[in-house]
Amino acid sequence: MSESLLAVTIGKDVSRETQLRLKAFAGLFQRWASRINLVAPSTIAELWSRHIRDSLQIYELSPGPLTWIDLGSGAGFPGVVTAICLAELGAGWVHLVESNNKKAAFLRAAIRETGARGSVYPARIETAPELIEKCDRISARALAELDMLCGFIEPWALRNPDLKAFLHKGRDYRREVEVSRRRWNLDLVEHQSVVEKDSVILEISGLSRRSV
């Protein structure tokens, strides 16, 4: 991909240094995706527009040297992409939680080869609060419905009242929000996706469990 086309695809504000790291990540992804199932095969051709650009939205919504936890990191979207953005700052960190050992191995290779600021935890999400004490931000993409995600996030929300979570959601997100409000108090901001018109990034803060 030429530099001009790359800039159009992922945004002109992405520095050359970060673009080079993203290219290295994309090349590694292509090699590993031929051997293990990282994403749906039908979406691999849209790696830059669908996966990388979609992931960059998260960092754009909350830039800066923050500590992130990326739940169910899978192929590194958005966790590795966020960690690559932080590499340019030389500060901040992403804790990537992925229970699948093959995907965890890919994530470790991606962090190592791109110089991204992150570490990988090959563990179930339910046990991650025992391994990672605190964070400023949480991300998750194509992982679970919002009610379940709130349950995953709760341990860190109890430790940090200023915690914010950024969650990719599709066209059915309003139903998920309605269901979640039966069990959770939360402040919600909807950010329209720049990639898919029917998708949003839900920004969650002030999360707490409703009293019975």
Side-chain angles (χ1 to χ4, degrees), residues 1-63 68-88 94-100 102-118 120 137-144 149 165-173 191-203:
M1 180 179 290
S2 67
E3 289 189 14
S4 59
L5 180 57
L6 181 63
V8 170
T9 303
I10 65 175
K12 295 181 179 179
D13 293 334
V14 178
S15 72
R16 177 172 172 76
E17 176 187 348
T18 296
Q19 287 183 25
L20 290 174
R21 293 181 192 273
L22 290 172
K23 280 186 175 181
F25 174 52
L28 185 71
F29 172 89
Q30 295 281 6
R31 294 194 297 275
W32 278 68
S34 67
R35 304 196 303 270
I36 68 172
N37 183 27
L38 291 173
V39 297
S42 61
T43 69
I44 291 177
E46 302 172 282
L47 172 61
W48 284 97
S49 60
R50 180 163 182 172
H51 295 298
I52 293 178
R53 182 67 189 98
D54 194 30
S55 297
L56 282 168
Q57 294 182 89
I58 297 295
Y59 183 76
E60 291 167 354
L61 289 171
S62 190
W68 289 78
I69 295 174
D70 186 51
L71 300 176
S73 296
F77 308 118
V80 170
V81 175
T82 300
I84 285 173
C85 291
L86 292 175
E88 185 175 348
V94 182
H95 300 287
L96 299 106
V97 180
E98 174 53 56
S99 62
N100 181 288
K102 289 183 179 180
K103 291 180 179 179
F106 165 72
L107 294 170
R108 284 191 290 268
I111 293 292
R112 182 175 61 252
E113 294 196 18
T114 63
R117 293 183 61 82
V120 181
R137 303 287 185 265
I138 290 177
S139 59
R141 181 176 184 254
L143 177 61
L149 287 172
F166 293 85
L167 312 172
H168 289 80
K169 284 294 168 186
R171 65 183 65 185
D172 197 33
Y173 76 92
H191 300 280
Q192 177 64 49
S193 170
V194 301
V195 174
E196 297 183 55
K197 65 178 182 179
D198 294 328
S199 297
V200 295
I201 309 295
L202 296 183
E203 178 182 338

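The figures here come from the full heavy-atom set of this structure, side chains too, leaving out hydrogens, waters and symmetry mates. Computed from a prediction, not measured in an experiment: that's the story for all the values here.
Side-chain contact between Leu28 and Thr114 is absent, with no heavy-atom pair separated by less than 4.5 Å. The shortest distance between side-chain heavy atoms of Val80 and Ser73 does not fall below 4.5 Å. Looking only at side-chain heavy atoms (C-beta outward), Leu22 and Trp48 come within less than 4.5 Å of each other. The side-chain heavy atoms of Ile52 and Phe29, taken from C-beta on, include no pair separated by under 4.5 Å. By the 4.5 Å heavy-atom criterion applied to side chains, Arg141 and Ile58 are not counted as neighbours.
The backbone N or O of Pro78 sits nowhere less than 3.5 Å from a side-chain atom of His168 that would complete a donor-acceptor pair. Within the 3.5 Å criterion, the main-chain N or O of Asp198 finds no donor-acceptor partner in the side chain of Glu196. Judged by distance alone, the side chain of Gln57 and the main-chain N or O of Val194 form a donor-acceptor pair under 3.5 Å. Side chain of Gln192 to main chain of Ser199: a donor-acceptor pair is present (N/O by atom type, distance under 3.5 Å, no hydrogens or angles).
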Query raised in the report: Is there a side chain to side chain contact (heavy atoms under 4.5 Å, CB included) between Glu17 and Arg21 once you walk through the steps?
Result: CA-CA 6 Å; Glu17 176 187 348; Arg21 293 181 192 273; 2.9 Å; yes

Requested in this report: Verify side chain to side chain contact (heavy atoms under 4.5 Å, CB included) between Phe77 and Leu47, making sure each step is shown before the conclusion.
Outcome: CA-CA 10 Å; Phe77 308 118; Leu47 172 61; 3.6 Å; yes

Report task. Mind running side chain to side chain contact (heavy atoms under 4.5 Å, CB included) on Ser55 and Thr82 for me, showing each step along the way? Result -> CA-CA 8 Å; Ser55 297; Thr82 300; over 6 Å; no

Requested in this report: Decide yes or no on side chain to side chain contact (heavy atoms under 4.5 Å, CB included) for Leu56 and Cys85, but give the supporting numbers first.
Outcome: CA-CA 8 Å; Leu56 282 168; Cys85 291; 3.7 Å; yes

Query - Arg53 and Glu60: CA distance, side-chain angles, deciding distance, salt bridge (Lys or Arg N to Asp or Glu O under 4.0 Å) verdict - result: CA-CA 10 Å; Arg53 182 67 189 98; Glu60 291 167 354; 3.2 Å; yes

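In this structure, CZ in Arg117 is found 13.5 Å from CD1 in Ile84, a value given to the nearest 0.5 Å. Annotation: the span from Tyr173 atom OH to Ile201 atom CD1 amounts to 11.5 Å, rounded to 0.5 Å. To the nearest 0.5 Å, atom CZ of residue Phe25 and atom CG of residue Leu20 are 15.5 Å apart. Distance check, rounded to the nearest 0.5 Å: CG of Leu96 to OG of Ser139 gives 8.0 Å. With rounding to the nearest 0.5 Å, the separation of CG in Leu143 from NZ in Lys169 is 7.5 Å. Rounded to the nearest 0.5 angstrom, Phe166 CZ and His191 NE2 are separated by 5.5 Å.
When every heavy atom of Phe106 is checked against every heavy atom of Gly74, the shortest pair comes out as CD2-O, 4.3 Å. The two residues Gly118 and Ile111 come nearest to each other via the heavy atoms O-CG2, 3.4 Å. Residues Leu149 and Ala144 share a closest heavy-atom pair of CD1-O, 3.4 Å. The heavy-atom pair separating Lys103 from Asn100 by the smallest distance is N-OD1, 2.9 Å. Nearest heavy atoms, Thr18 versus Glu88: OG1-OE1, 2.6 Å.
For Arg108, there are no salt bridge (Lys or Arg N to Asp or Glu O under 4.0 Å) partners, not counting sequence neighbours.
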